[in-house]
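Counting from 1, the numbers follow the sequence of the chain as shown.
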Amino acid sequence: SFVEHIEAYGLVPFTTVQEKKFVAVGDLATLERCCRLFYDLDINPPGIDAIQHLLERLAALQDENIGLRNRLRLYENE
């Protein structure tokens, strides 16, 4: 049922082959994070979805921050 909830919220894409569900190697870390949030911290799938969205947004902001700092260094060195 946990896998069905994770799949229903689109948190981790699963592939079904001969009635068995598989996850891509690149998505294992996300699946593990979802499992820890669900089982260790007792966070429900909608909460995991919100956390996942915030983590993705945080990563995007960090990348943007790095880019802006690099641009600023160019102007400071002139």
What is the distance from atom [atom1] of [X] to atom [atom2] of [Y], rounded to the nearest 0.5 Å?
X	Y	atom1	atom2	value
Q62	L58	CD	CG	4.0 Å
L54	L61	CG	CG	10.5 Å
R33	I51	CZ	CD1	10.0 Å
C35	F2	SG	CZ	4.0 Å
N44	D49	CG	CG	10.0 Å
E76	R69	CD	CZ	10.5 Å

Check your understanding: So if you build clusters from Ile, Leu, Val, Met, Phe, Trp, Tyr with side-chain heavy-atom gaps below 4.5 Å, do L41 and V12 land together?
Key ->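 They do share one cluster, since a chain of ILVMFWY contacts under 4.5 Å joins L41 to V12.
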> Quick one: do I6 and Y39 end up in the same hydrophobic cluster if we chain Ile, Leu, Val, Met, Phe, Trp and Tyr together by side-chain heavy atoms under 4.5 Å apart?
Replying inline: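 Cluster IDs for I6 and Y39 match.
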**Message:** Considering only residues two or more places apart or on different chains, which pairs with a residue in residues 12-30 satisfy side chain to side chain donor-acceptor pair (under 3.5 Å)?
**Reply:**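 Of all non-adjacent pairs touching residues 12-30, those that pass side chain to side chain donor-acceptor pair (under 3.5 Å) are E7-K21.
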Q.
If the condition is salt bridge (Lys or Arg N to Asp or Glu O under 4.0 Å), which residues does R36 pass it with, not counting sequence neighbours?
A.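 Testing R36 for salt bridge (Lys or Arg N to Asp or Glu O under 4.0 Å), a comparison that skips the adjacent residues, returns E32.
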Counting only heavy atoms not in D63, do more than 12 fall under 6.0 Å of its CG?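 Result for CG/D63: enclosed.
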Heavy-atom closest contact (L11 atom, P45 atom, distance):
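Heavy atoms only, the tightest pair is CD1-O, 4.2 Å.
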- Task: Might you point out which heavy atoms bring L31 and F14 nearest each other, and give the distance in Å?
- Result: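 Distance-wise, the nearest heavy atoms are CD1-CZ, 4.2 Å.
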Item to complete: List the steps, then state whether side chain to side chain contact (heavy atoms under 4.5 Å, CB included) holds for I48 with H5.
Response: CA-CA 10 Å; I48 295 171; H5 288 312; over 6 Å; no
| query | So which residues get pulled into V17's cluster when ILVMFWY side chains under 4.5 Å apart are joined, directly or through others? | reply |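 Result for V17 is F22.
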